[in-house]
Amino acid sequence: MIEVRPFASLGGENHGWLDAKHHFSFANYYDPKRTNWGNLRVWNDDVIAPKSGFPPHPHRDMEIITYVRTGAITHQDNLGNHGRTEAGDVQVMSAGTGIAHAEYNMEDVPTTLFQIWIQPTRTGEKPSWGAKPFPKGDRAGQFVVLASGFANDNDALTIRTDARVVAATLKAGETAEYALGADRRGYLVPATGAIEIDGQRANARDGVAITGVETLKVTAIEDSELVLVDAA
């Protein structure tokens, strides 16, 4: 089953400094048919105004992955971590037993990002944070793993859950495959461009919910940048 969820159908709210769209129920948006996708709980599409951001706030027992699409986000937390993550790069925060963090757009232009929350498989562990650059050239024409809970994904950022976050950049006409597994759930969002998947078109920032597919085949209609969560 492949279900395209158009960007226009997403929930969300414009707070002025933050224009947020929610693929799943979040904050004041609730849709009983869109509460999660397996252990994928949140996929927020955020536009953060310059010189603004999220003040310090707590989390626990959640794996939080931030994929920066344009601009940059600056992170700081009560563990002493501090870092700036630029477009195309990824940061991961394992909230564990509890962490307080702030995320600010310190740039002179809006920052756009996907924030993805996945429920952890392992709980009761200390919180952690990490970030890593993933040059788009490494993903040209193929999916690469950005964050993973599987031990054999050595180059990926570690998350404490039965899931992967993968990405690809495709030129128009190119096709990429990903071995999802029929027992898994996939959720794919084109950050840019337009794609075809099983005869259906998905445009930039649409969501594609996938089940019962052994090998996922995605063809770019336009030059496209893709992010996929492989969820339990």
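Computed from heavy atoms alone, side chains included, the values below leave out hydrogens, waters and symmetry copies.
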Practice prompt. Can you spot which of Thr70, Asn105, Thr74 makes a side chain to side chain donor-acceptor pair (under 3.5 Å) with Thr111?
Written response: Asn105
Discussion item. As a test of understanding, state which of Val189, Leu216, Ile197 forms a side-chain contact (heavy atoms from CB on, under 4.5 Å) with Val208.
Written reply: Ile197
Item to complete: Over 60° means perpendicular and under 30° means parallel, so classify the ring planes of His57 and His59, tilted if in between.
Response: perpendicular
Worksheet item: Of the options His75, Lys132, Gln91, Glu103, which is the one that meets Thr85 in a side-chain contact (heavy atoms from CB on, under 4.5 Å)?
Response: Gln91
Practice prompt. Run the numbers on Ile118 and Val165 for side chain to side chain contact (heavy atoms under 4.5 Å, CB included), then give the verdict.
Written response: CA-CA 10 Å; Ile118 307 175; Val165 181; 4.3 Å; yes
Item to complete: Verify whether one side chain among Thr112 and Arg205 offers a donor that lies under 3.5 Å from an acceptor in the other.
Response: no
Worksheet item: Does Arg41 count as lying over the ring of Trp117, i.e. NZ or CZ under 6.0 Å from the six-ring centre, within 45 degrees of the axis?
Response: no
Worksheet entry | Residues Asp162, Arg184: salt bridge by 4.0 Å N-O rule | yes
Worksheet item: How far apart are the C-alpha atoms of Phe143 and Asp230, what are their side-chain angles, what is the distance that settles it, and do they pass the side chain to side chain contact (heavy atoms under 4.5 Å, CB included) test?
Response: CA-CA 12 Å; Phe143 284 102; Asp230 171 354; over 6 Å; no
Discussion item. Would you say the ring centers of Trp129 and His101 fall short of 6.0 Å from each other?
Written reply: no
Discussion item. Looking at every heavy atom in both Val68 and Glu86, which two are closest together, and how far apart are they?
Written reply: CB-O, 3.5 Å
Worksheet item: Okay, side chain of Thr192, backbone of Glu225: is any donor-acceptor separation there less than 3.5 Å?
Response: yes
Practice prompt. Using distance alone, with no hydrogens and no angle criterion, decide if Thr35 and Ser25 have a side-chain donor and acceptor under 3.5 Å apart.
Written response: no
Fill in: Salt-bridge present (Asp46, Lys21; N to O < 4.0 Å)
no
Worksheet item: Does Phe150 have Arg164 sitting over its ring (NZ/CZ under 6.0 Å from centre, angle to axis within 45°)?
Response: yes
Worksheet item: Do Asp206 and Arg201 meet the salt-bridge criterion of a basic N to acidic O distance under 4.0 Å?
Response: no
Worksheet entry | Close aromatic pair by centroid cut-off 6.0 Å: Phe24 and Trp43 | no
